[in-house]
2 protein chains.
Amino acid sequence: MALATRERILEAAGATLSRNPNASLDQIAVEARVGRATVFRHFESRAGLLKALASRAIDETDRATRLAAADARTATDALRLITQAVVGAGESFRFLDSAAELYDEPEIVEAYQRQMSELADLVGAAKREGFIRPDLPTAWVVASIDGLIWAACRAVGDGELGVVQAQDLVWETIASGLSAEGAREDRHADQA
Amino acid sequence: MALATRERILEAAGATLSRNPNASLDQIAVEARVGRATVFRHFESRAGLLKALASRAIDETDRATRLAAADARTATDALRLITQAVVGAGESFRFLDSAAELYDEPEIVEAYQRQMSELADLVGAAKREGFIRPDLPTAWVVASIDGLIWAACRAVGDGELGVVQAQDLVWETIASGLSAEGAREDRHADQA
DNA sequence: CTTGAATGAGACTTTATAGTCTCGTTCCCT
DNA sequence: AGGGAACGAGACTATAAAGTCTCATTCAAG
């Protein structure tokens, strides 16, 4: 079955590349229990495989975003749902750490920038809801959410935390770290 | 001058590799304004260059750790000094993201694990001081500090934040994110 | 049973890059 | 001025991995 094979290759590529970002197609083929030639039957080239993997991660994020937008009543809630969804699907994302080649793919870069900008919008809305401290630069809020998600995925992959535990901890850390939390009167207006 | 050349190569390697983790020695040599052969005169091989780069980052961290241990009166303060020192030297560390090859270097791996374990000890001490919430797994605290430092280095490298601003924001985020609710007054020992 | 699509295995070519070597030049030191 | 160390340039080799091609095999559908 062609579809199952293609899927198995993608799965193996994600797993192998998250362990070793420079893994060869041969290693990926072995991991997928597939001939190396079959990889080329399903993907034009190594770049094509990487691109398909990235598209998959992007689609997964888009789906989570749409679900969150539908279910959540507040931007804060949407932020939480998206964050936890991405941590839950962490294995699909870890390979992106090293995917410098993808900077050459306009579609991927564009989609990534769109998602970051959507995240920034959500952070802006969460600021207006009073959840995110308005004095923090949005760029930093986005970057640190990214960093915490990455840390969580890594911890899960390394077996240091369970998935559910990691999801909770990430949100806990984001919340207590970035939320305005009413009872905070500390004058910190001094970050230029 | 041999020493200046070696230093220039290391500098260029750090800069080039942080932009493109798979950069060739040729690209690095060009960036260093040096002949490719000269790279091999100063370093045994590509692996040797990577190893030297990593050793440099490790030494820098050790120095910051010793300074912090000498200057700080509390583990919390030491944690802050170390964190900000690493963010300040971020350009020396970004290349490590992708340095999967370094897993083959026992000295590097050992030194890295030692530093992580020192960081974990410091986190433990900061817990006892009441700064870090004791109910958070130490592994998660270490991982998220790592993640936030990484996010800050990236933001600085991308020009989204200034170095000093990033140093402040990282610590601010760690503090409000991981500290026990009661211990909030100690944290505004304003940084240089 | 027959057929055709998907596959595995592996030979083969191509390309990029690591690593080696040589030679002429520059530049510093005495 | 003379001499040696460090360097730049580039030719050269070795190797690993990408990408192409062929052929025999499997396997499901008719």
Side-chain angles (χ1 to χ4, degrees), chain A residues 1-56 95-108, chain B residues 1-56 95-108:
Chain A
M1 237 195 276
L3 202 143
T5 299
R6 187 188 160 94
E7 205 56 30
R8 211 164 64 232
I9 293 171
L10 282 170
E11 210 68 43
T16 306
L17 292 174
S18 70
R19 280 197 298 271
N20 170 18
N22 296 321
S24 68
L25 291 184
D26 199 87
Q27 293 173 257
I28 292 172
V30 168
E31 172 96 12
R33 294 185 312 279
V34 141
R36 200 171 64 92
T38 299
V39 175
F40 285 95
R41 289 190 184 101
H42 286 276
F43 302 94
E44 187 186 8
S45 64
R46 175 183 239 270
L49 172 59
L50 276 265
K51 198 172 156 187
L53 253 187
S55 292
R56 211 189 182 206
F95 88 97
L96 288 170
D97 277 354
S98 58
E101 304 102 303
L102 290 174
Y103 287 139
D104 298 333
E105 306 285 348
E107 305 171 40
I108 303 296
Chain B
M1 258 192 271
L3 203 141
T5 299
R6 186 188 161 92
E7 206 55 31
R8 211 164 65 232
I9 294 171
L10 282 170
E11 211 68 43
T16 306
L17 291 173
S18 70
R19 281 197 297 270
N20 170 18
N22 296 322
S24 68
L25 291 185
D26 200 87
Q27 292 174 257
I28 291 171
V30 168
E31 171 96 10
R33 293 184 312 278
V34 141
R36 200 170 65 91
T38 299
V39 175
F40 285 96
R41 288 192 184 100
H42 286 275
F43 302 94
E44 187 185 8
S45 64
R46 173 182 241 270
L49 172 59
L50 275 266
K51 197 172 157 185
L53 253 187
S55 293
R56 210 189 182 206
F95 88 96
L96 288 169
D97 277 356
S98 59
E101 304 102 306
L102 290 174
Y103 287 141
D104 298 333
E105 306 286 348
E107 305 171 38
I108 303 297

Starting the side chain at C-beta, find the nucleotide from [options] nearest to [X].
| X | options | result |
| --- | --- | --- |
| B:Arg41 | D:dG10, C:dG19, C:dC23 | C:dC23 |
| A:Ala37 | D:dA9, C:dG10, D:dA18 | C:dG10 |
| B:Arg36 | C:dC21, C:dT20, D:dA18 | C:dT20 |
| B:Phe40 | C:dT20, D:dC7, D:dA18 | C:dT20 |

Between [X] ([atom1]) and [N] ([atom2]), how many Å, whole number?
| X | N | atom1 | atom2 | result |
| --- | --- | --- | --- | --- |
| B:Leu50 | C:dA18 | CG | P | 10 Å |
| B:Ile28 | C:dA16 | CD1 | P | 18 Å |
| B:Arg46 | C:dT20 | CZ | P | 15 Å |
| B:Leu25 | D:dG10 | CG | P | 18 Å |
| A:Arg8 | C:dA6 | CZ | P | 15 Å |
| A:Glu101 | C:dA16 | CD | C1' | 14 Å |
| A:Arg6 | C:dT7 | CZ | C1' | 16 Å |

Practice task
May I ask you to decide if B:His42's main-chain N or O and B:Arg6's side chain share a donor-acceptor pair within less than 3.5 Å?
Solution key: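 Flag set: sc B:Arg6 to bb B:His42 pair under 3.5 Å.
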To the nearest 0.5 Å, how far apart are [atom1] in [X] and [atom2] in [Y]?
| X | Y | atom1 | atom2 | result |
| --- | --- | --- | --- | --- |
| A:Leu17 | A:Ile28 | CG | CD1 | 4.0 Å |
| B:Arg19 | B:Glu31 | CZ | CD | 4.5 Å |
| B:Leu10 | B:Phe43 | CG | CZ | 4.0 Å |

Phosphate OP1/OP2 of [N] contacted by [X] side-chain N/O (<4.0 Å):
| X | N | value |
| --- | --- | --- |
| B:Thr38 | D:dC7 | no |
| B:His42 | D:dA6 | no |
| B:Thr5 | D:dC7 | yes |

Practice task
Identify whether the distance between the nearest side-chain nitrogen and carboxylate oxygen of A:Glu101 and A:Arg46 falls below 4.0 Å.
Solution key: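 The answer is yes: the pair qualifies as a salt bridge.
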Practice task
Examine the base of D:dG8 for any acceptor or donor lying under 3.5 Å from a partner atom in the side chain of B:Arg33, and report the outcome as yes or no.
Solution key: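 No such pair is found, so the answer is no.
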Exercise for the section: Please tell me which of A:Val34 and B:Asp26 maps to the more 5' nucleotide of DNA chain C, matching each residue to the nucleotide holding its nearest heavy atom. Expected result: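 Its nucleotide being nearer the 5' end, the pick is A:Val34.
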